[in-house]
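This report refers to the structure that appears directly beneath it.
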Amino acid sequence: MLTDTDFPGGNALIEVLAEDEIEIRPDLRDTIGTWFYWYFRVRDCAGRRLRVRVVGAPTVPIAARGPAVSLDEGRSWRWLGAAAVQDGSFAFDVPQGCPEVRFSVGMPYTAADLERFLGRFEGRGGLERRELTRSEGGRSVQVLRFGRTDGGAQARVLLTCRHHSCEMMASHVLEGAMEHVLGADDQAARWLRERVEIVVVPFVDLDGVEAGDQGKNRAPHDHGRDYGPTEGIYASVRAIRDLLRDPARPPFDAVLDLHCPNITPRPTNERIYFVGSPDAQNWALVEQLSEELERVATGPLPYRSSNNLPFGTAWNVAKNYVSRDERTVPQQSIGWFLDDEAGAGLHTILEFPYAEAEGTEVNATSARAFGADLVRALERYLRTRTASSRGTGPEPTTEG
Ligand SMILES: [Zn+2]
């Protein structure tokens, strides 16, 4: 039995307790406080029964459907199920002839997954990619553009993901959203492709994604809190600020920043919700998008606008945006930054849970379906907005 984390996204501190028995815990590295991400593999174990104990603080870092397992080097995943876990331990019978098995708290999504996805859509929907910037680790942080990219767009949308590197389920949502715009033959996708410029930064903290960092609450502050009044410490965030302030282009009509919440408490965090910034006018726009999403959603995952988290409620209060270790420096999210930008359109954070949404299973497939729902809602929102800004009613929608 060989255990390790020496592959993209790998994270765990591993202790071998006995033959075929290990204990693992999240490798917190530069995390302030504690977090729950882990991802490791076991090789040379075909036909054996592995016993794994997962430990962490303050609770066992296992999501609502148990650990996720992959038998194809992380390309596809399934949940083992909550019933497979007892007191933080689970057993797994490795199939005969299986060269390796991977386990994780979620369903990891790294740069290789994005490459596989982009390979399917090369040259379609006007898809182009370029380097946004170089990360601190020397990696090429990519920005994707598609839809109406010739300057004639009626509206512009920015989607960002992995400000917190461990929050991988959000990447499956993003992939579903991109897949729908680039490849679907329905009316919403066609409208977006023809009229809307879509800009995507799929891995804001690419170094963290590839290194397998938690990313959340990274010291001295994480990428999601790098939008304060000073210049910012991460190249990717500085480059996103430049995108948001590009003088050659109109402001974005919608900016969605995709995240995953904590895996606890349950079931409070096991739902899909938007998070508001302080600006009440912006929140009214988010509520419009929410109404559209409730109306057009056809995927298996439930979304209800009553689950949204306006500013001033639950954890979404001012003190959450003060640096944990340096209380004199305000640490702002992209939402707070855009509240102060003239002409900024709708902007919000989406929180998308790891394993369950109000009792329904979250996995790569249902997350992608939710991404398509999100795109349909955006189309309705933008269509209504652009129509009202021209002083006419919304264009009729046709089935397609
Ligand atoms: Zn996050």
Side-chain angles (χ1 to χ4, degrees), residues 9 11 26 28-39 61 63 104-110 141 158-175 177 200-228 232-234 236-237 240 255-265 268-277 286 307-311 313-317 319-324 331-338 347-355 357 362 367 370-371 374:
N11 174 304
L28 296 173
R29 300 175 191 163
D30 59 353
T31 309
I32 301 167
T34 186
W35 211 244
F36 50 80
Y37 175 68
W38 51 269
Y39 176 21
S104 177
V105 70
M107 299 185 170
Y109 190 104
T110 65
V141 180
L158 175 64
L159 305 175
T160 55
C161 201
R162 312 293 283 273
H163 272 91
H164 297 139
S165 56
C166 74
E167 296 172 5
M168 86 296 269
M169 299 311 287
S171 288
H172 297 287
V173 174
L174 178 63
E175 187 175 297
V200 179
V201 181
F203 301 118
V204 177
D205 180 9
L206 178 61
D207 288 344
V209 168
E210 293 299 290
D213 294 345
Q214 309 292 330
K216 175 75 175 178
N217 294 333
R218 183 193 293 286
H221 64 249
D222 64 45
H223 290 65
R225 293 285 181 277
D226 198 34
Y227 291 86
I233 58 175
Y234 301 112
S236 60
V237 172
I240 290 170
V255 176
L256 300 186
D257 185 26
L258 310 185
H259 287 251
C260 302
N262 203 321
I263 54 174
T264 56
T268 312
N269 263 333
E270 289 163 334
R271 56 188 64 178
I272 301 168
Y273 57 97
F274 291 110
V275 181
S277 57
V286 176
N307 287 329
N308 285 347
L309 207 60
F311 184 71
T313 59
W315 57 259
N316 188 19
V317 292
K319 72 174 167 49
N320 184 52
Y321 300 90
V322 175
S323 172
R324 300 278 178 98
Q331 308 298 345
Q332 293 181 2
S333 67
I334 190 170
W336 288 47
F337 174 80
L338 283 168
H347 47 277
T348 186
I349 281 174
L350 174 78
E351 292 284 3
F352 183 83
Y354 281 85
V362 168
F370 179 76
L374 198 55

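Just so you know, ligand 1 is whichever comes first in the structure, and atom 1 is the first atom listed for that ligand.
Every residue two or more places apart in sequence or in another chain that forms a salt bridge (Lys or Arg N to Asp or Glu O under 4.0 Å) with Glu270 is listed here: Arg266.
Sorted by chain and number, the protein atoms of type N, O or S within less than 2.8 Å of the Zn ion (ligand 1) are His164 ND1, Glu167 OE1, Glu167 OE2, His259 ND1.
In this structure a side-chain-to-backbone donor-acceptor pair under 3.5 Å is missing from Asp205 to Gly215.
Glu167 and Tyr354 share no donor-acceptor pair across their side chains, judged by distance under 3.5 Å alone.
Arg218 and Asp213 are joined by a salt bridge, as a carboxylate oxygen and a charged side-chain nitrogen come within less than 4.0 angstrom of each other.
Nearest heavy-atom pair, Ala63 versus Ala355, reported as atom, atom and distance to 0.1 Å: CB-CB, 3.9 Å.
The aromatic rings of His259 and His163 sit parallel to each other, their planes meeting at less than 30°, with 60° as the upper class boundary.
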